[in-house]
Amino acid sequence: MQDNDAEFRELVQSFSDRHALAFETRTEPGVDALVVFPHTAGGLSFDLVICLQNEHVTLEFGGFRGFFATGGANWNDLADRLDQIVTGACRVRVHHQFGRVHKRVLEHRDDTVWRPVYTHYSAIRLPFVPDRISYLSNAPEQ
């Protein structure tokens with residue numbers, strides 16, 4: 001666990017330094033480390049939460065929640081994903097039915113095509129009812 005703690009601290013600090021983002025550390029029962037990058041004009045258009053627990057990192061923002069394994073190259077992949085979220089190369093496609101969100105899909109832009117990276121389900125989708133889709137991406141000028 002010590003290796004994950006050190007890797008997590010390095011991930012958070014280097015991400016903060018690369019994008020000039022302030023962060024707050026918080027303590028929660030049963031959580032190894034919890035960091036919040038708050039919404040800031042010119043930085044993030046939403047709060048971004050990064051949590052280390054049980055050898056997994058959880059990313060949360062705008063209702064999206066994704067769980068990512070730690071260790072090895074996964075730390076580099078996670079750092080890349082965080083950078084892509086800040087720069088807008090990643091977005092969340094939000095699926096609604098009757099005003100209720102049932103699915104959020106983290107997508108990465110590959111040239112001109114958006115490809116799914118991770119899907120977070122939050123409710124049961126009703127068959128034969130069309131989804132309304134919206135998008136969430138970082139807009140640092142807000």
Side-chain angles (χ1 to χ4, degrees), residues 1-110 113-142:
M1 189 57 75
Q2 268 74 13
D3 288 342
N4 276 340
D5 289 343
E7 293 279 0
F8 183 81
R9 283 193 303 275
E10 173 59 28
L11 172 79
V12 168
Q13 191 60 57
S14 62
F15 175 66
S16 172
D17 293 345
R18 279 193 308 280
H19 299 286
L21 296 172
F23 63 90
E24 306 163 1
T25 57
R26 299 188 182 161
T27 56
E28 293 284 332
V31 172
D32 300 320
L34 178 68
V35 175
V36 178
F37 288 88
H39 167 269
T40 57
L44 289 171
S45 53
F46 41 73
D47 289 349
L48 174 63
V49 178
I50 308 173
C51 176
L52 174 64
Q53 182 178 14
N54 299 329
E55 300 186 21
H56 286 84
V57 172
T58 304
L59 296 181
E60 295 182 34
F61 63 97
F64 171 81
R65 178 181 291 162
F67 302 94
F68 301 88
T70 61
N74 292 340
W75 288 109
N76 293 332
D77 292 343
L78 188 55
D80 290 345
R81 194 69 63 216
L82 287 167
D83 290 342
Q84 294 162 356
I85 289 168
V86 170
T87 63
C90 269
R91 69 180 183 187
V92 176
R93 185 179 69 226
V94 185
H95 294 251
H96 309 256
Q97 286 185 331
F98 303 110
R100 185 179 64 151
V101 174
H102 68 86
K103 177 171 73 171
R104 291 175 178 90
V105 180
L106 184 64
E107 298 179 322
H108 174 256
R109 186 177 56 235
D110 184 17
V113 178
W114 288 94
R115 302 199 187 283
V117 175
Y118 189 98
T119 301
H120 170 226
Y121 295 93
S122 55
I124 295 174
R125 182 183 186 282
L126 300 174
F128 309 112
V129 176
D131 288 357
R132 187 177 63 80
I133 297 181
S134 62
Y135 296 92
L136 171 68
S137 62
N138 191 40
E141 66 279 353
Q142 292 181 354

Please check if the side chain of [X] supplies one atom and the backbone of [Y] the other of a donor-acceptor pair under 3.5 Å.
X      : Y     : result
Asn138 : Gly88 : no
Thr58  : Phe67 : no
Asp47  : His39 : yes
Gln53  : Gly30 : yes

Under 4.5 Å between any side-chain heavy atoms of [X] and [Y], yes or no?
X      : Y      : result
Leu126 : His102 : no
Val129 : Phe98  : yes
Leu21  : Val86  : yes
Leu106 : Phe64  : yes

- Heavy-atom pair of closest approach, residues Ser122 and Lys103: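 For Ser122 and Lys103, the tightest heavy-atom pair comes out as OG-N, 4.1 Å.
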- Message: Show the nearest heavy-atom pair for residues Ser45 and Ser137, with the distance to one decimal.
- Response: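 Nearest heavy atoms, Ser45 then Ser137: OG-O, 3.6 Å.
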- Task: List the steps and the verdict of side chain to side chain contact (heavy atoms under 4.5 Å, CB included) for Val57 and Trp75.
- Result: CA-CA 9 Å; Val57 172; Trp75 288 109; 3.8 Å; yes
- Should the pair Arg93 and Trp114 be classed as cation-pi, given the thresholds of under 6.0 Å to the six-membered ring centre and 45° from the axis?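 No, Arg93 does not lie over the aromatic ring of Trp114.
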When rounded to the nearest 0.5 angstrom, what distance separates [atom1] in [X] from [atom2] in [Y]?
X      : Y      : atom1 : atom2 : value
Leu59  : Leu82  : CG    : CG    : 5.5 Å
Phe8   : Cys51  : CZ    : SG    : 6.5 Å
Arg104 : Leu136 : CZ    : CG    : 9.0 Å
Ser14  : Asp83  : OG    : CG    : 8.0 Å
Thr25  : Arg9   : OG1   : CZ    : 11.5 Å
Arg132 : Gln97  : CZ    : CD    : 11.0 Å

- Message: Are more than 12 heavy atoms, taken from residues, nucleotides or ligands other than Tyr135, located less than 6.0 Å from that residue's OH atom?
- Response: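 Check passes, neighbour count above 12.
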- Message: Would Leu11 and Leu52 count as a side chain to side chain contact (heavy atoms under 4.5 Å, CB included) here? Give the steps.
- Response: CA-CA 11 Å; Leu11 172 79; Leu52 174 64; over 6 Å; no
- Message: Please identify which of these residues, Arg115, Arg81, Arg91, meets the salt bridge (Lys or Arg N to Asp or Glu O under 4.0 Å) condition with Glu107.
- Response: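 That would be Arg91.
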- Using the side chain to side chain contact (heavy atoms under 4.5 Å, CB included) rule, take Gln84 and His108 through it: C-alpha gap first, then chi angles, then the decisive distance, then the call. CA-CA 8 Å; Gln84 294 162 356; His108 174 256; 3.2 Å; yes
- Message: The test is side chain to side chain contact (heavy atoms under 4.5 Å, CB included); show your working for Arg125 and Asp131 and say whether it passes.
- Response: CA-CA 9 Å; Arg125 182 183 186 282; Asp131 288 357; 3.2 Å; yes
- Is Glu24 paired with Arg26 through a side-chain N to carboxylate O contact shorter than 4.0 Å?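 Salt bridge: yes.
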- So Phe68 and Tyr118, would you call those rings parallel, tilted or perpendicular, with 30° and 60° as cut-offs?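 Phe68 vs Tyr118 ring planes: tilted.
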- Message: In this structure, is the centre-to-centre distance between the rings of Phe23 and Phe15 below 6.0 Å?
- Response: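 They do not qualify: ring centres at least 6.0 Å apart.
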